[in-house]
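The chains referred to below are lettered A, B, ... by the order of the sequence lines, with proteins before strands, and numbering in each begins at 1.
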There are 2 protein chains.
Amino acid sequence: MLRVSRLTDYATVVMTCIAASPGEVLSTAQIADATHLELPTVSKLLKTLGHAGLVESFRGVNGGYRLARPASTINLAEIVEALEGPIGMTECGVSEGQCDRESQCGVRGSWQRINSVLDDALRAVSLADMLHPPVHRTQVTVALSELKGRTTA
Amino acid sequence: MLRVSRLTDYATVVMTCIAASPGEVLSTAQIADATHLELPTVSKLLKTLGHAGLVESFRGVNGGYRLARPASTINLAEIVEALEGPIGMTECGVSEGQCDRESQCGVRGSWQRINSVLDDALRAVSLADMLHPPVHRTQVTVALSELKGRTTA
DNA sequence: TCTAATCAGTACCATTTTAGTCCCGATTCG
DNA sequence: CGAATCGGGACTAAAATGGTACTGATTAGA
């Protein structure tokens, strides 16, 4: 239904979790525990995020991961791209085998415009924003206030 | 890779094709021919689009389909929703079983903002726009500036 | 130097989703 | 009546997705 894959969704959660402890090195197990995701899944995600240069890894005892850059300089688009490759909502921007009518070119142009809006939107949200939601929306504010107590971890 | 399904992509092509002959009733075969898509596939798409009230069908000899409304009043969001259900990029807006930490609520809020921008963008593009691609990006820039307003707030 | 903790890489499997096809019934026109 | 055409659903094949397992490399510390 026009959505990112579940792994991408998880990746944003994992990244936000790491961002919540700036500078600290967290083990995969710690992150899996905190996010309630399966350990192998988290491990896989972190490898991918590592390849993309979004997190730094440390091997050996007391090893783990931390952000490669400050949270404010990492945005949603980078996370999505790390997991799913280049952002684009239709194939037709890439392969165009079946185009023959002028009408379809209009279609392609429109999708490209949509893609561009989406890309800008993803790029406009940083990890830091995800940690401190700058929102006025009702549902979100409710959810936030009900959890306010533990924020000082 | 963060994209709509191929069928949804096809649906926009089919709709644009129909919109190119306003008022005329086109048979599935004609549409399949014009769009270079397989006839059964087009048939399936048109059934779905019919359920969504986007096209009108006529049975019997010389039957076929035409738009249920003027092209300028049908937008991309409606076509996407007809094929894929409600627009939303993550599941977590709907089911929220695994939320326990404040960080994840920030994640959810951010995704909801992205969803909203995307939805606005899709809604801003009409079938008529797809037929006559407007070169200036007015609607889109509106959607964007709206997002920026929210994030910096 | 040995051991345990931890990440790295790869390959594999199960499930779900997606796409495409087909069939048969209903409707309409001539 | 019969041909053209849509309507609904079932079915299958293929692909993506998510999850798991296994083996190897690296490091800290006893």
Exercise. Under the 3.5 angstrom rule, does the side chain of A/E84 hit a backbone N or O of A/S5 as a donor-acceptor pair?
Worked result: yes
Exercise. A/R59 has an atom CZ; how far is it from atom C1' of C/dA5, in whole Å?
Worked result: 12 Å
Problem set entry | Atom-pair distance (CG on B/L49; C1' on D/dG7), nearest Å | 14 Å
Exercise. With respect to the phosphate group of C/dG9, does any side-chain polar atom (N or O) of A/H51 fall under 4.0 Å of OP1 or OP2?
Worked result: yes
Problem set entry | Rounded distance in Å - CD1 (A/I31) to C1' (C/dT6) | 12 Å
Exercise. Does any donor atom in the side chain of B/S126 or B/D129 lie under 3.5 Å from an acceptor atom in the other side chain?
Worked result: yes
Problem set entry | Short side-chain N/O contact to D/dA16 OP1/OP2 from A/R6, under 4.0 Å | no
Exercise. Does B/T28 have a side-chain nitrogen or oxygen under 4.0 Å from the phosphate oxygens OP1 or OP2 of D/dC6?
Worked result: yes
Exercise. For the pair made of CG in A/L37 and P in D/dT20, what is the distance, rounded to whole Å?
Worked result: 11 Å
Exercise. Taking the side chain as C-beta and beyond, is there a heavy-atom pair between B/V125 and A/I114 under 4.5 Å?
Worked result: yes
Problem set entry | Upstream residue (5' side of DNA chain D) when A/K47 and B/F58 are each assigned their closest nucleotide | B/F58
Exercise. At under 4.0 Å between heavy atoms, what does B/G50 touch on the DNA or RNA strands: base, sugar-phosphate, or nothing?
Worked result: nothing
Exercise. If only side-chain N and O atoms of B/S57 are considered, is one of them under 4.0 Å from the OP1 or OP2 phosphate oxygen of D/dT5?
Worked result: no
Exercise. Which residue lies toward the 5' end of DNA chain D, A/L39 or A/N62, if each is placed at its nearest nucleotide?
Worked result: A/L39
Seminar exercise, completed: Here the distance between atom P of D/dC6 and atom CG of B/L26, to the nearest Å, is 10 Å
Problem set entry | Nucleotide of C/dT21, C/dG20, C/dT6 approaching A/S27 most closely (side-chain heavy atoms) | C/dT6
For this session: Look at the side-chain N and O atoms of A/S5 and state whether any lies under 4.0 Å from the OP1 or OP2 oxygen of D/dG18.
Result: yes
Exercise. OP1, OP2 of C/dG20 versus side-chain N and O of B/Y10: anything below 4.0 Å?
Worked result: yes
Exercise. Relative to the 5' end of DNA chain C, which residue comes earlier, A/V61 or A/S43, by the nucleotide with the nearest heavy atom?
Worked result: A/V61
Exercise. Taking atom P of D/dA10 as reference, at what distance in whole Å does atom NZ of B/K44 sit?
Worked result: 12 Å
Seminar exercise, completed: Taken to the nearest whole Å, CD/A/E84 to C1'/D/dG18 is 13 Å
Exercise. Using a cut-off of 4.0 Å on non-hydrogen atoms, how would the nucleic acid contact of A/G63 be classed: base, sugar-phosphate, or nothing?
Worked result: sugar-phosphate
For this session: Take the protein atom CG of A/L45 and the nucleotide atom C1' of D/dG19, then report the distance between them rounded to whole Å.
Result: 11 Å
For this session: Ignoring hydrogens and angles, tell me if any N or O in the side chain of B/D33 forms a donor-acceptor pair with the backbone of B/Q30 under 3.5 Å.
Result: no
Exercise. With distance as the sole test, does A/T73 use its side chain to make a donor-acceptor pair with the main-chain N or O of A/R69 at under 3.5 Å?
Worked result: no
